[in-house]
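Right, one structure below, let's go through it.
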Number of protein chains: 2
Amino acid sequence: MGASTSTGQRTQRAQRADARRNVEAILDAATRGLRRDPNVSIADIAAEAGVGRITLYGHFKTRADLVEAVLARTIGHAHAVFDGLDLSGDPVEALATLVTSSWRVIEQHRGVLGAAARELGHERIRDVHDDILTRVGHLVERGQAEGVFRDDLPGSWLVTVILTLMHTAAQDVDAGRLAAADAGLYLVRTLVAALTPPGSIVPVR
Amino acid sequence: MGASTSTGQRTQRAQRADARRNVEAILDAATRGLRRDPNVSIADIAAEAGVGRITLYGHFKTRADLVEAVLARTIGHAHAVFDGLDLSGDPVEALATLVTSSWRVIEQHRGVLGAAARELGHERIRDVHDDILTRVGHLVERGQAEGVFRDDLPGSWLVTVILTLMHTAAQDVDAGRLAAADAGLYLVRTLVAALTPPGSIVPVR
DNA sequence: GCTAACTCGTACATTCATGTTCAAGTTAAT
DNA sequence: ATTAACTTGAACATGAATGTACGAGTTAGC
């Protein structure tokens with residue numbers, strides 16, 4: 001990471017507390033800024049973080065370094081959320097759990113990934129994005145195999161529908177068009193219905 | 001429009017054929033470029049249109065003029081498609097008609113709107129976007145009133161779901177992840193199921 | 001054939017963003 | 001109290017994009 005080194009790299013004292021606070025503030029500001037506008041300037045990020053541009057450059061050598069750090073942190077968050085999910089058992093319940101727990105993370109994830117792709121190239125993010133696709137894909141396949149999810153449409157399309165609507169719900173919440181408290185419920189109802197096999201009854205939730 | 005004047009503005013002959021061809025080529029290139037990257041440069045647009053940058057500036061005084069022209073043309077196309085749709089009768093069939101006929105237009109529309117919003121401001125596009133929202137909204141309301149669309153979710157959310165998935169399907173087609181021939185069918189199946197009231201059977205299509 | 005519309009590359013001015021350098025003040029940690 | 005880590009604005013260099021100006025060649029339409 002482009003930020004100042006930890007004790008491991010120098011045999012002196014660890015990074016100062018105000019430096020650590022500033023690094024987090026910069027990463028927070030960069031995350032918000034990049035999702036809003038992938039071309040957000042370094043000056044704007046620094047201003048929103050409440051630090052000088054020079055200070056930002058003290059922690060991140062280049063813009064690409066900063067974006068890389070944002071990407072790494074975002075991926076870490078996403079993995080933390082997904083690793084904590086129990087997606088075994090009834091696929092419909094697992095889908096509800098997945099959707100309710102991760103719609104926020106998905107939106108951050110895709111927003112940052114989009115910005116990072118422009119900055120760092122698609123290669124850098126392909127493998128990390130695939131991880132989430134794979135997890136959701138396995139759930140969809142399991143549901144299709146058990147006959148509780150429709151199999152007249154390919155799993156890849158259903159995965160796209162799931163991720164896209166989670167992203168959309170989060171954007172609507174950010175835009176004030178949807179209450180955060182409603183997002184999970186709306187998503188679960190919409191997606192469970194969308195995945196219900198033709199000829200079957202849409203579950204009441 | 002920022003392009004060269006028609007006969008109406010000067011009492012000389014109409015715009016030359018090669019000039020009209022170039023204007024269309026520029027608008028086509030700008031539409032593609034803006035959807036790909038809202039910050040696409042004037043130089044790139046001109047190159048893709050196969051004209052000189054100076055020629056482009058001969059037809060459009062500024063970048064904002066060009067974006068405005070792209071917006072106007074895109075809106076015109078969308079209206080032409082929507083005006084030609086018969087959305088009366090069975091709401092489920094009407095939804096299928098809407099989706100099958102306009103997923104391509106929706107993607108163009110939203111891509112250009114997004115780019116135009118950054119360039120021209122959100123005010124300029126609010127009223128044009130509302131028209132399509134209104135038409136889709138009326139269909140959703142009719143379906144809810146007739147009991148064939150779920151009413152445990154607000155119409156505004158269902159409209160968002162419809163438009164978002166059409167946009168997504170078109171993006172997947174552009175990206176090669178989805179065959180164009182499959183897009184309409186996948187969308188219809190997914191959306192009809194998503195809108196089926198809980199406790200009802202998902203229609204087989 | 002004539003002529004005005006149309007086209008063009010190069011050069012230029014301006015603006016903005018990135019990244020670097022400088023000296024010096026502030027402050028966290030010992 | 002000390003000191004090294006951390007912070008800072010201004011100035012600067014570089015590159016990229018927008019928009020303008022120039023003279024001149026091309027061509028569509030009459």
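In what follows, every chain begins at residue 1, and chains take the letters A, B, ... in the order their sequences are listed. Since the model is a prediction, treat every value here as computed from it, not as a measurement.
- The CG atom of B:Asn22 sits 17 Å away from the P atom of C:dA5 (whole-angstrom rounding).
- For B:Asp18 and D:dA28, the CG to P distance is 5 Å, given to the nearest whole Å.
- Along DNA chain D, the nucleotide closest to A:Gly50 and the one closest to B:Asp44 are compared, and the more 5′ of them pairs with A:Gly50.
- Contact annotation for A:Ile54: base contact, defined as any heavy-atom pair under 4.0 Å involving a base atom.
- Residue B:His59 places none of its side-chain N or O atoms closer than 4.0 Å to OP1 or OP2 of C:dC6.
- When rounded to the nearest whole Å, the span between CZ of B:Arg20 and C1' of C:dT7 equals 16 Å.
- Listed here is the closest heavy atom pair of B:Ile26 and B:Phe60: CG2-CE1, 3.6 Å.
- Spacing between atom CD of B:Gln15 and atom P of D:dA28 amounts to 14 Å, rounded to whole angstrom units.
- The base of C:dG19 does not come close enough to the side chain of A:Arg63 for any donor and acceptor atom to sit less than 3.5 Å apart.
- In this model, a side-chain donor or acceptor of A:Arg53 finds a partner on the base of C:dG19 within 3.5 Å.
- Classification of B:Glu68 and B:Arg73 as a salt-bridged pair fails, no side-chain N sitting under 4.0 Å from a carboxylate O.
- B:Phe60 places its CZ atom 16 Å from the C1' atom of D:dT18, with the value rounded to the nearest Å.
- Rounded to an integer number of Å, the gap from CG of B:Asp37 to P of D:dA16 is 16 Å.
- Taking a cutoff of 4.0 Å between a charged side-chain nitrogen and a carboxylate oxygen, A:Arg104 and A:Asp174 qualify as a salt bridge.
- Looking at the side chain of A:Lys61, the nearest of the listed nucleotides C:dT20, C:dA28, D:dT7 is C:dT20.
- Rounded to whole Å, atom P of C:dT18 lies 12 Å from atom CG of B:Asn39.
- Taking only distance into account, the side chain of B:Arg16 meets the base of C:dA5 through a donor-acceptor pair shorter than 3.5 Å.
- A salt bridge does not link A:Asp90 with A:Arg142: none of the charged nitrogens is closer than 4.0 Å to a carboxylate oxygen.
- The interatomic distance linking A:Tyr57 (OH) with D:dC12 (C1') rounds to 14 Å, in whole Å.
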Next item on the list: Show your reasoning for whether side-chain contact (heavy atoms from CB on, under 4.5 Å) applies to B:Val161 and B:Leu165.
Entry: CA-CA 6 Å; B:Val161 169; B:Leu165 288 185; 4.2 Å; yes
